[in-house]
Amino acid sequence: MNAGRVAAVSRNATYAFSKPNHPSIRLLAGLGVEGDVHAGETIRHQFRMTYEPDLPNLRQVHLMHAELFEELALKGYEVRAGELGENITTRGVDLLALPTGTLLHLGADAVVEVTGLRNPCAKINDFRTGLLGEMFALDPHSDAFTFKSGVMGVVRRPGTVRPDDPIRIESPPLPHRPLERV
C-alpha cells in the first residue's frame with residue numbers, strides 16, 4: 001500500500017550536523033546513501049565509532065517525518081528538511097509506529113529495512129537551544145520515553161530516491177517487534 005511520499009532527500013560527504021537537500025540520492029545495498037559520510041558496512045557515526053567500530057551499521061539511512069517539523073513550528077522552532085541530519089524526509093508515514101523489520105519501498109526501486117529509532121543527541125541543542133527536549137515524549141501510561149527524531153534503516157535494494165517519490169510499506173511477518181534505539 002502507498003502510505004506517503006518522499007518530501008526531501010539529503011546527504012553530506014563530511015561530518016556536520018545538518019545535511020543539504022539534493023534533487024536525488026542514490027541508495028547502495030548494504031552501505032547507505034552514496035556520497036554520505038554515514039555510508040558503510042560498519043558503524044560510521046563519530047561517537048559510536050570510538051567504542052564499537054566493527055559492529056554492523058544499522059544506521060545507514062536516517063528517515064524523519066515532515067510532520068515533526070510542523071509540530072516543532074507550533075512550539076517556536078523552525079526546522080527544515082535535512083537540518084536534523086536525516087537523509088530522507090517523509091510525509092504521510094507514521095515512521096515511529098512501524099515495527100522493526102518493516103520494508104520501505106522508496107520510488108521505483110529502492111528498499112530500506114527499518115532497524116530502529118534514532119537516539120537524539122545533545123548536538124540538537126547546539127542547532128536550536130532547547131530543541132532536544134522536544135525530541136522526546138513521555139507515555140503517560142507506561143512512563144516510557146518515545147523518541148521522536150525519526151528512524152534508522154539499512155538499504156536492502158539499491159535505487160535512486162527523489163522528492164515526491166511514493167513510499168510503500170511492507171510489514172514484516174508476525175509477531176511484530178516494536179522499534180528500539182539503534
Side-chain angles (χ1 to χ4, degrees), residues 6-22 25 27 31-91 93-100 102 104 112-155 177-182:
V6 173
V9 294
S10 312
R11 66 173 155 52
N12 198 334
T14 61
Y15 285 107
F17 184 73
S18 297
K19 296 184 183 211
N21 297 155
H22 292 272
I25 58 173
L27 301 184
L31 295 173
V33 179
E34 182 177 50
D36 190 82
V37 69
H38 295 110
E41 291 179 6
T42 57
I43 289 177
R44 291 288 173 249
H45 288 76
Q46 282 183 304
F47 174 73
R48 296 184 73 197
M49 283 176 28
T50 60
Y51 64 93
E52 304 174 313
D54 299 322
L55 288 182
N57 186 3
L58 301 179
R59 299 166 54 112
Q60 295 173 1
V61 181
H62 178 198
L63 300 99
M64 188 174 287
H65 49 296
E67 292 83 359
L68 175 63
F69 305 149
E70 294 161 3
E71 176 188 327
L72 294 172
L74 294 174
K75 297 177 180 183
Y77 295 98
E78 182 183 336
V79 180
R80 290 184 293 272
E83 288 186 329
L84 293 180
E86 76 276 11
N87 300 110
I88 299 173
T89 309
T90 66
R91 179 164 296 287
V93 178
D94 189 356
L95 294 172
L96 304 179
L98 298 173
T100 301
T102 298
L104 298 174
V112 171
E113 179 182 343
V114 177
T115 56
L117 295 168
R118 177 187 183 205
N119 186 22
C121 70
K123 290 182 181 181
I124 292 174
N125 272 344
D126 295 339
F127 173 70
R128 298 273 192 281
T129 302
L131 186 58
L132 180 61
E134 301 299 330
M135 297 292 108
F136 302 93
L138 183 63
D139 183 326
H141 303 291
S142 68
D143 286 334
F145 280 105
T146 298
F147 297 94
K148 300 190 308 185
S149 53
V151 299
M152 306 304 290
V154 295
V155 180
R177 292 178 306 143
L179 295 174
E180 297 178 1
R181 292 180 299 167
V182 293

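Everything numeric in this text was worked out from a predicted model, so none of it was measured. The first residue in the sequence is number 1, and the count goes up from there.
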- request: Dump the intermediate steps for salt bridge (charged side-chain N to carboxylate O under 4.0 Å, His left out) on K19 and E86, then the final yes or no.
  value: CA-CA 7 Å; K19 296 184 183 211; E86 76 276 11; over 6 Å; no
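- Note that CZ of R80 is 13.0 Å distant from CG of L72, once rounded to the nearest 0.5 Å.
- Here E113 contributes atom CD and L98 contributes atom CG; the two are 12.0 Å apart, rounded to the nearest 0.5 Å.
- The CG atom of L117 sits 8.0 Å away from the OG1 atom of T146 when rounded to the nearest 0.5 Å.
- There is a side-chain donor-acceptor pair under 3.5 Å between S10 and N21.
- Looking at every heavy atom in both residues, L179 comes nearest to L96 through CD1-O, 3.9 Å.
- In this structure, OG1 in T115 is found 13.5 Å from CZ in R181, a value given to the nearest 0.5 Å.
- Across all non-hydrogen atoms, the minimal contact from L68 to M135 is CD2-CE, 4.1 Å.
- Taking all atoms of both residues into account, the shortest heavy-atom contact from D54 to T42 is O-CG2, 3.9 Å.
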- request: Take R118 and F147 through the test side chain to side chain contact (heavy atoms under 4.5 Å, CB included) and record every step on the way to the result.
  value: CA-CA 7 Å; R118 177 187 183 205; F147 297 94; over 6 Å; no
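- Without hydrogens or angle criteria, T90 side chain to V6 main chain gives no donor-acceptor distance under 3.5 Å.
- Looking at heavy atoms from C-beta onward, F69 lies out of side-chain contact with E78 at the 4.5 angstrom threshold.
- Shortest non-hydrogen contact noted between R11 and D36 is CA-OD1, 3.3 Å.
- Counting heavy atoms from C-beta on, the side chains of L27 and V112 come closer than 4.5 Å.
- In this structure, the side chain of Y77 engages the main chain of G130 through a donor-acceptor pair within 3.5 Å.
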query: Hey, mind stepping through E71 and K148 against side chain to side chain contact (heavy atoms under 4.5 Å, CB included) and telling me if it holds?
result: CA-CA 11 Å; E71 176 188 327; K148 300 190 308 185; 2.5 Å; yes
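- Listed by chain and number, the residues in a side-chain hydrogen bond (donor to acceptor under 3.5 Å, both in side chains) with E70 are R91 (sequence neighbours excluded).
- Atom OG of S18 and atom NZ of K123 lie 11.0 Å apart (nearest 0.5 Å).
- Side-chain atoms of H62 come within 3.5 Å of backbone atoms of S149 as a donor-acceptor pair (strictly under, hydrogens ignored).
- Judged as a side-chain hydrogen bond (donor to acceptor under 3.5 Å, both in side chains), and not counting sequence neighbours, the contacts of N12 are T14.
- Of all non-hydrogen atoms in L95 and M64, the two that sit nearest each other are CD1-C, 3.6 Å.
- The CG atom of N87 lies 10.0 Å from the NE2 atom of H22; values are rounded to the nearest 0.5 Å.
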message: Let's go through D126 and F17 carefully: what are the C-alpha distance in whole Å and the side-chain angles of both, what is the deciding distance for side chain to side chain contact (heavy atoms under 4.5 Å, CB included) to 0.1 Å, and is it a yes or a no?
response: CA-CA 9 Å; D126 295 339; F17 184 73; over 6 Å; no
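- Closest heavy-atom contact between V155 and Q60: N-OE1, 3.0 Å.
- Looking at heavy atoms from C-beta onward, V114 lies out of side-chain contact with L63 at the 4.5 angstrom threshold.
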query: Does the side chain to side chain contact (heavy atoms under 4.5 Å, CB included) test come out yes or no for L84 and L131, once each step is laid out?
result: CA-CA 10 Å; L84 293 180; L131 186 58; 4.0 Å; yes
